[in-house]
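Notes for the one structure printed next.
Note that this is a predicted model, so its numbers are computed, not measured.
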Amino acid sequence: DLILFILIMLLMQYDFTGGLLHEIIGILMLSFFIIHVMFNKKWLHSIKNNFNKIKTSNKINYILDILSIISFIICTISGILISKYIFNFTYISIFDNIHSISSYILFLLITLHILLHFNQIINYITNNFNNKEDKLIFKYSSLVLFLFLVFLGFKNSLFKNNNEVSNNDTNNSSTSSKSSSNNSSSSSNSNSNTSGSTPTLQQYLSTLHCGQCHNNCLLSAIKCNRGSSK
C-alpha cells in the first residue's frame with residue numbers, strides 16, 4: 001500500500017519527473033499493483049463469496065479495492081494511449097482528460113484504503129516499540145505526515161489547473177485587447193507609418209499557452225506533439 005502510494009505521488013508530480021520518467025514509474029507501479037492484487041486475490045475471492053455475512057468494514061475495504069482496480073485499469077489504458085515516449089500513440093485529448101480524472105480518483109481511493117488500514121500498518125511498524133508513548137507519538141506524527149503528503153499530491157494539480165485557467169483568461173483578454181488596439185491604431189493611422197513594428201509569429205506565439213497537458217507549454221516552445229492541433 002505504501003509503495004503504491006509513494007509511486008502515485010511521484011506520478012502526480014509530472015513537472016518534477018518529466019514525461020519519460022513519468023511513463024517508467026507508471027509501468028513500475030503497474031507491476032507493483034498486479035503483485036499487490038495477486039497477494040490479496042484469496043481475500044478478495046473469500047469476501048466476494050461471503051459478502052452478505054461479513055462485517056461492514058470488510059465490505060467497505062472490498063468495495064474500495066474493486067473501485068481501485070477499475071480506476072487503475074482505466075488510468076493505465078488511457079496512460080498508454082497518450083504515451084509519447086515508450087508507446088507513442090497518436091495523441092487524442094479526451095484520453096488525457098480520462099487519464100487525469102482516473103488518476104485523481106485512484107489516488108483518493110488508495111488514500112482511503114491506507115487510512116482504513118492505518119492502525120494495522122502502524123502496529124506492524126511499532127511492534128518492537130516498548131514504550132506506549134513512543135507508539136502514540138509515532139502514530140500521530142505518521143498520520144500528520146501522511147495527510148500532508150496527500151495534500152501535496154492534490155495541491156500542485158488543483159492550483160495549477162486554476163492558474164492555467166487564469167492564465168488562459170488573461171491571455172485571451174490580452175490578445176483581445178491587443179487586437180482591438182491594433183485595429184484602432186490601423187484605422188487612425190491608415191495614411192501614415194506606425195511607430196511600432198508588427199510582432200513576428202514567434203513573438204505572438206510566445207504569449208499563448210498550449211494547455212493540452214500538464215506542461216502548459218508556450219506555443220513558441222512546445223515540448224511534444226500534443227500542441228500541433230493547438
Side-chain angles (χ1 to χ4, degrees), residues 1 3-38 40 44 60-116 149-169 171-172 208-219 222-230:
D1 291 344
I3 292 174
L4 288 172
F5 177 79
I6 292 169
L7 287 174
I8 198 170
M9 273 286 299
L10 288 173
L11 287 172
M12 294 183 75
Q13 308 305 316
Y14 189 91
D15 291 341
F16 173 75
T17 61
L20 179 58
L21 186 57
H22 179 85
E23 293 183 16
I24 292 172
I25 296 173
I27 292 174
L28 185 62
M29 183 175 176
L30 173 62
S31 303
F32 274 103
F33 193 85
I34 292 172
I35 293 170
H36 186 70
V37 172
M38 293 302 293
N40 292 278
L44 290 170
I60 294 173
N61 280 323
Y62 178 78
I63 293 170
L64 283 177
D65 286 347
I66 296 301
L67 291 175
S68 296
I69 292 171
I70 293 171
S71 60
F72 189 84
I73 291 172
I74 295 172
C75 188
T76 301
I77 294 174
S78 59
I80 291 172
L81 291 175
I82 63 173
S83 168
K84 59 184 178 182
Y85 293 99
I86 297 177
F87 301 100
N88 197 23
F89 287 102
T90 301
Y91 174 73
I92 302 176
S93 60
I94 189 172
F95 292 124
D96 196 356
N97 295 330
I98 291 172
H99 185 67
S100 296
I101 293 170
S102 60
S103 67
Y104 296 142
I105 293 173
L106 179 61
F107 183 63
L108 178 61
L109 290 171
I110 289 178
T111 299
L112 294 174
H113 182 79
I114 291 177
L115 286 174
L116 287 173
L149 290 175
V150 172
F151 170 74
L152 287 181
F154 283 110
K155 180 185 76 72
N156 290 338
S157 300
L158 293 175
F159 286 4
K160 186 168 184 178
N161 288 339
N162 290 335
N163 288 336
E164 285 177 6
V165 171
S166 177
N167 288 336
N168 288 335
D169 289 343
N171 287 332
N172 290 336
L208 304 176
H209 292 262
C210 169
Q212 295 294 327
C213 72
H214 300 290
N215 286 328
N216 199 34
C217 303
L218 291 173
L219 289 184
I222 299 246
K223 298 177 183 176
C224 70
N225 59 1
R226 296 184 179 188
S228 57
S229 59
K230 183 74 173 184

Check: [Y] and [X] side chains under 4.5 Å, non-hydrogen atoms:
| X | Y | answer |
| --- | --- | --- |
| Ile69 | Phe33 | yes |
| Leu218 | His209 | yes |
| Asp65 | Asn40 | no |
| Leu81 | Phe87 | no |
| Ser71 | Leu109 | yes |
| Ile34 | Met29 | no |
| Leu67 | Leu106 | no |

Q | His113 and Asn61: side chain donor to acceptor below 3.5 Å | A |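 Judged by distance alone, the side chains do not pair up.
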If you measure from [atom1] on [X] to [atom2] on [Y], what distance do you get to the nearest 0.5 Å?
| X | Y | atom1 | atom2 | value |
| --- | --- | --- | --- | --- |
| Ile77 | His99 | CD1 | NE2 | 12.0 Å |
| Ile63 | Leu112 | CD1 | CG | 12.5 Å |
| Leu64 | Leu115 | CG | CG | 10.0 Å |

Q. Is there a donor-acceptor contact under 3.5 Å from the side chain of Glu23 to the main chain of Ile80?
A.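 Flag not set: sc Glu23 to bb Ile80 has no pair under 3.5 Å.
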